[in-house]
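Below is one structure, written out as C-alpha cells, with a few remarks after it.
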Amino acid sequence: MRRKGAYPLEFSAAQADNYMNSTFANLPQHQRMEARTAGVLEMHGTDAAARAIVSGDELRCSMGGGVLR
C-alpha cells in the first residue's frame, strides 16, 4: 500500500507515436522516428514551475518500483 503523499505525481508511459503495436517496434524506420522523444519527460507547466523545472533540465524520477533518469 502506498503512503499518501509519498509520490505527489503519477507517471504514465506514453504510447508510441509511430506504430500501433510491438510488431513494428524493431523496424529501423520506426526506431528512428521514436528516437527523437526517447528519454523525454513531458510534464504540465504548472507542475514543472512548482518544482523549478525548465525545458532541457536533467531529472531523476523516483517511485516505489524504481528510478528513471
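The shown structure was predicted, so the numbers you read here are calculated from the model rather than taken from an experiment. The first residue of the sequence shown is numbered 1, and numbering continues consecutively from there.
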Item to complete: Would you mind reporting whether R51 and P8 have side-chain heavy atoms less than 4.5 Å apart?
Response: yes
Discussion item. Quick check: closest heavy atoms across M43 and L9, and the distance to 0.1 Å?
Written reply: CE-CD1, 3.8 Å
Worksheet item: Considering residues at least two apart in sequence or located in another chain, which fulfil the side-chain contact (heavy atoms from CB on, under 4.5 Å) criterion with Q29?
Response: L27, R32
Response to the item:
Residues passing the side-chain hydrogen bond (donor to acceptor under 3.5 Å, both in side chains) test with T46, sequence neighbours excluded, are H44
Practice prompt. For D57, enumerate each residue passing the side-chain contact (heavy atoms from CB on, under 4.5 Å) test, keeping only those at least two apart in sequence or located in another chain.
Written response: I53, V54, L59
